[in-house]
Amino acid sequence: MAVTKSLYTGAEITWCRLCGNFGLMSAFAWAVEELSDTIPLEKFVILSGIGCHGKIVDYIDLNSFYSIHGRAPATATGIKLANPELYPVCFVGDGDIYAEGVSHLIFSAKRNSDITVIVHDNRSYSLTTGQFTPTSPSIFKGKSTPEGPPEDPLNPIALMLEAGATFVARGYAGYTDHLKELVKQAILHKGFSFIDVLQPCVVFFNTYEFYNQHVYKLEDVGHDPTDYEQAYRRAKEWDYNSEDVKIPIGVFYKTEKPTYEERV
Amino acid sequence: MAVTKSLYTGAEITWCRLCGNFGLMSAFAWAVEELSDTIPLEKFVILSGIGCHGKIVDYIDLNSFYSIHGRAPATATGIKLANPELYPVCFVGDGDIYAEGVSHLIFSAKRNSDITVIVHDNRSYSLTTGQFTPTSPSIFKGKSTPEGPPEDPLNPIALMLEAGATFVARGYAGYTDHLKELVKQAILHKGFSFIDVLQPCVVFFNTYEFYNQHVYKLEDVGHDPTDYEQAYRRAKEWDYNSEDVKIPIGVFYKTEKPTYEERV
Amino acid sequence: MEKTIIIGGKAGAGIKEAGRMLAGVLANLGYHVFGYVDYPSLIRGGHNFVTLRFSEEPVNSVDRKADIIVATDGRSIRAHEEDAKEGTVWLINEKEQKEGAVKVPFKEVAPGFFKSSSVLGAVLKLLGIPLEEGLPFILSLPQREKNERIYREAYNSVDSMFEVKRAGERKGEIVTGNESVALGAVDGGLDFYIAYPMTPASPVLHYLAKRKSEFGIKVVHPENEIGVINMAVGVAYAGKRSMVGTSGGGFALMTETLSLIGMSETPIVIYEAQRAGPSTGVPTYTAQADLLFVTFAGHGDFPRVVVAPGTPEEAYLLMRDSLNIAWRYQVPVLILGDKHLGESYFLADIKREKVVEEPKLWKGNGEYRRYEITEDGISPLAFPGQEGIVVKGTSYEHDERGITVEDAKLVKRMQDKRLKKGETLREYILSREDAVVVGGNESSKKVIVTWGSTWGTALDVAKELGFKVVRPLFLEPFPADKLREEIGTAELVVSLECSASGQFERLLNMHGIKSHRNIRKYDGRPFFRDELAEMLGEV
Amino acid sequence: MEKTIIIGGKAGAGIKEAGRMLAGVLANLGYHVFGYVDYPSLIRGGHNFVTLRFSEEPVNSVDRKADIIVATDGRSIRAHEEDAKEGTVWLINEKEQKEGAVKVPFKEVAPGFFKSSSVLGAVLKLLGIPLEEGLPFILSLPQREKNERIYREAYNSVDSMFEVKRAGERKGEIVTGNESVALGAVDGGLDFYIAYPMTPASPVLHYLAKRKSEFGIKVVHPENEIGVINMAVGVAYAGKRSMVGTSGGGFALMTETLSLIGMSETPIVIYEAQRAGPSTGVPTYTAQADLLFVTFAGHGDFPRVVVAPGTPEEAYLLMRDSLNIAWRYQVPVLILGDKHLGESYFLADIKREKVVEEPKLWKGNGEYRRYEITEDGISPLAFPGQEGIVVKGTSYEHDERGITVEDAKLVKRMQDKRLKKGETLREYILSREDAVVVGGNESSKKVIVTWGSTWGTALDVAKELGFKVVRPLFLEPFPADKLREEIGTAELVVSLECSASGQFERLLNMHGIKSHRNIRKYDGRPFFRDELAEMLGEV
Ligand SMILES: Cc1ncc(C[n+]2csc(CCOP(=O)(O)OP(=O)(O)O)c2C)c(N)n1
Ligand SMILES: Cc1ncc(C[n+]2csc(CCOP(=O)(O)OP(=O)(O)O)c2C)c(N)n1
Ligand code: SF4
Ligand code: SF4
Ligand SMILES: [Mg+2]
Ligand SMILES: [Mg+2]
């Protein structure tokens, strides 16, 4: 059990042992607990796509909408429009939101809808037993592409910067405390918040070791998240394919802009 | 009639008088004629989305597939996969491909599918009588948003650079000869080619005067289209909203990469 | 006095406006009037026309053949040659030639309104209607002075050939089906209208966007139809009333989410205005060929309502009801309209009244269960944000709390709950007085069975040909017994529809109702009165 | 000898592999065998199981109650308590406790194969099957030495309790419906398989992706289902055979393009493997509740074929035919399968043969017209790239060249052409010998009418209970007359389906066929033989 008792529904957790989703869920639950002074629990609404990641809404005892594949951000936008006091947080997959639902992701960012999107980026369609996704590297030999993907990965950080997201971060499910802080900032940020979470999938793409070796924190190098140019350069340091580079985690960019809910 | 007799189907042309689509069609027909030494006419397949722009396939007497709203690039990819000798050219709308079909656009770029996408970017859903699109500026008061769009425009040039397009250009329907050259280069380019064409819509967004005043040619300022950083900076010069800046047209970026058809 | 008038001209030349103003004048004079609007898919040029029929008796359709043809350009003359009959009066542009035609200086000042002013002036004079009757319309146009001058000039350039006198009190307002849908939604408590542009549903979007402050609603235009419907789901989950509008192709994109709506029991209203398909088809023309698609769309089994208004009054009332039904039963309600209902000009007397029914709300204490199993299958609603409770909606099969289940017994249990809710819903729909409506010669043994907007023409021919007309307002749940009752011991049952494959007939068959003949039209045009009379004459 | 064996354990522990290997051994011994595969939507842990039934007589279904239950973990013991009957033999993990159970050292070396080797060893010994019979399967596993050691160890740890002797010649191979679909496609001339992953259709994607070089095809996995189907359209327009595979939710996303396929007359095959809905539902379980959706999906009227195989042989043949039919008539062909057909283990004798029929090709000179109006409604095909001609496909209503039309007469003309083509297609389908298949006691007055994979269980109970079983292979065009003929003067007609709302029954009704009773299952599981026998006993 990766959440404290009060936040746990009691549903059987069916993630694989050591799955990165545990770390991600802990970080979120921890963030919610720490935020609960400012944001009452009933103001959270968590949403999810379909995939291993999606199961998180069954486990956490908060308002939730277990959406369909790729659509959570659209639903979250509707929720926020209908009741601006709520805090919608979408838990989505890399297949889910970089492939099937990429249009909703881009437009949520473009609109600066005041929602948070947390991507369980395991770089695999895992619940469907391991096909390549838009962030799978060339070395990923999935069931639909046994010789590796015939296309290069997307860089979701850069894509979100380009689409107009006002809070753009990358986290690592292996660093729960660091991720917790990102989640808190994302939720508190007024406007569209995006976190791509590097989430090892121990069955189809076990990346713990790789990330442990390659990840570094933007805070540690004095990155200024208010500087778009810097953010963009940092975003480009890793293209989700190379293996011989350092991977920055932390907040790439943060700015203020009127939200969609204010403008509609 | 904006095409020479041999390329004209004889279908009634139902664009408004002075519509930017005439210039765009002329440029394309002209390009095809100039290319016909290298590329026999029967090797062209033109595709389109739904909108005023889409009518072009009814007018030009080449192989064509009049697709549905937003899907032309996916169909073009299928055509190129099935017969790599063909040259699919998609004529799409800004509503069509930046809204409805943005996922196919991004993935065509990501894959470097060897097709050409030409966007009739009139920054309006015109055939449906004038609603705002992803490139409409704040001053555009459309029928669905009489007070102006509640969101800022996308920058498709920057988006396509980010998505991995290997040929990225902007043209202006008012400069037919310049556009013709871009179209030729795009078609000859091996890999995914993208041209955002500034296309004035005289009914819903008449931008001739604005573009005439603001447009400048990248060639004239010594832009190096092989330099991604430069391309990116030039792409960012105009955000599709500002009115007091110069708007570069020409080839922003061009590079070589294996195509999807080679890799699948 | 009964006359059919065609007004034709270029798109962008104000033809629709001219037709609507003329309908307004006739309505003010106490006439019944119906206007058919015909336009191709282009913005300027081409050929648009409006056909108006007016009479002292109710009119719900137009004839093909016109008494008066107003051709504001040369193309209109050619286009309507075959719509003329003996004695047809032609008003043509002064620059054109046609034997016996009256020439009018239709002003060429594009776009739009000036030409509509000259049309109105000329036609009113021709009909012998005083100049003052047209003035209020002209004066509400932009650039009123210029328009007034043009109006007067055209009025004075023509001689009167008819004497259209006042025909009593004004019977209603000129409205379109789309406007009625929009007003019905507002009066049913709509909070959010969410739509992506698509003919012929877009006018609802435009109408509501323009008046959103007045109506106190939000109007949202997202990136595509999938975004639309999923946003609407979010709004409803959070407790606000949402509705979407689209046509067949856009609806198709929503069908995955329709199934989610069924599973998550989210109250959503979908307005589907049919147009001529398949695919892009003939996008500005009409059809009734999405019937089976809409009735059975979405994977898996879940209850839904499909309702098809045939008049603007029904569009208003059923739309208003739809929001209440969606929320009472937590189901998707699909309003199936079409271009003919949506964009034609009707004379209607809509009595507006806000009717917003409170749904079954959770008033309990303790643990809230979103999918509580109850006797009628309807679980009490609560919304996120309420202290102390957790609201879990889901696309997966689930237990009462909304947590995923896969166990056979639990799966069946929740399926049974939804079946039960479907039964409760069915009982309600079938018990409605208006589940089936009838008209025409009600004691006749010859019965026309039809649906949706085809009602208008059916009604108009029924009387003269001695038919009874029967029409289900609800297509799902289907009021088969009521329909059978109304058909009774008919000797001739004719089903009538705008579908090449006879979709309505097949739906009737599914419910055990057989017609002896099926009349189908599928050229994008509605049935015209004279045309249908002929077709029925042959039966 | 007839036995039912359940093998249960954690996902990732090789349960499916164990079941399949055991089925293979039994098949090699000349037995008929059928395997039901049950797994929840998770990757590791939880509880999976396979139920195998084998017999000297044909078997097409399993019983709920098993003769042997192999529980490789504690959870499996609890999960299958209620599947035991008197005399059931339990094989359990040595670390667990259960009275009277045989203990086996099921090796815990995750993931997968080692455990399947120990299961196979223990079960073979229990059944009295020689160790050598299992070896070929074990030796084809990865890490063969380790697996062989484990296999032998398990074999030796158990005592034989049955004597399963050779039952004659081997009758066929163990295959799944999905594999049969894949092979049928290849032998029908498939060039491109395009799909986005979705249970239970994904195995076709994986199977073909792995063997694409061997089969000389391309396999493409695009960004989403809308990309999938539109890419497939491009491939077919360019003259290559394409097919897509998905389940209900993915199919929903394709419905806009389905209508485009109808309008543009593009030959496309869609494999839709149903699972338990609505919405995400119970994604790894089975259902037959997309029937009406698939049959009527897409806006507007256009011809299509819906075909539902019930066995792997049919899946192979009908899939192969589907590609030829799609190309002969230039229509969408929908193969409606389900998880039960797709993922169960069947013993099948599939005789592979490539059958790729040449479609009606344009052999003319001069101007090519893509939508030429012909007597049978089928326009000759040509593809882009051919010198001197222009091939124009379109989503709009069009003239013979493929250029947009809006004129009423021209619209009707092309609609009529497609209707005509639909008639030609209908004649062909209805004339097929196999449009309706029958089984069971063919002279009985008690008839079960069913479709798709439910056939298996129906067949297995029909004989013992004296029922005839009748099943349409084609759902659209629907072979109503043939079906009626086969039902004949039955005194009892029972329709049987996995749909909560009785979709098949409603389709029967639409075609004038009434059943006296409808048996429905909708808990995600197929009908089990003992269960169905009981249900039918009550009729
Ligand atoms: C429309 C649709 N298409 C396909 C699927 C099948 N599907 C379920 S989960 C999934 C993969 C999800 O991958 P990802 O989003 O990366 O989630 P993960 O399992 O890796 O957490 C897919 C394709 C679906 N549920 N709906
Ligand atoms: C799925 C779907 N949704 C909506 C429409 C309606 N539609 C037709 S054209 C169009 C607008 C096109 O705008 P754009 O692509 O910018 O083309 P333009 O008319 O400006 O050239 C829309 C929304 C459609 N045809 N299909
Ligand atoms: S398959 Fe991968 S992502 Fe899914 S639960 Fe297991 S480890 Fe986690
Ligand atoms: S409406 Fe605009 S885009 Fe369409 S034809 Fe007219 S000018 Fe061109
Ligand atoms: Mg993933
Ligand atoms: Mg546009």
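Each chain gets a letter, A, B and so on, in the order the sequences are listed, and its residues count up from 1. These figures come from a predicted structure and were not determined experimentally.
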key: D/Leu253 portion near chain A, given a 4.5 angstrom heavy-atom threshold   = side chain
ask   = Going from SG on A/Cys16 to CG on D/Leu42, what distance comes out if it is rounded to the nearest 0.5 angstrom?
value = 8.0 Å
query = Partners of D/Phe215 by ring-ring contact (aromatic ring centres under 6.0 Å, His included), sequence neighbours excluded?
reply = none
Which residues share a side-chain hydrogen bond (donor to acceptor under 3.5 Å, both in side chains) with D/Ser499, sequence neighbours left out = C/Asp301
query = Who are the side-chain hydrogen bond (donor to acceptor under 3.5 Å, both in side chains) partners of D/Tyr345, not counting sequence neighbours?
reply = none
task = Heavy-atom pairs under 4.5 Å with chain A are the metric here; pick the option from D/Pro222, D/Ala209, D/Gly250 that has the most.
result = D/Ala209
Listing needed: what donor-acceptor pairs below 3.5 Å join chain D with chain A?
unit_1	atom_1	unit_2	atom_2	d
D/Ser41	O	A/Lys55	NZ	2.7
D/Arg75	NH1	A/Glu12	OE2	2.6
D/Arg75	NH2	A/Glu12	OE1	3.0
D/Arg75	NH2	A/Glu12	OE2	3.4
D/Tyr196	OH	A/His69	NE2	2.7
D/Tyr196	OH	A/Tyr125	OH	3.0
D/His206	NE2	A/Gln131	NE2	2.7
D/His221	ND1	A/Ser144	OG	2.7
D/Glu223	O	A/Glu100	N	3.4

A/Ile50, part contacting chain D, at a heavy-atom distance under 4.5 Å = side chain
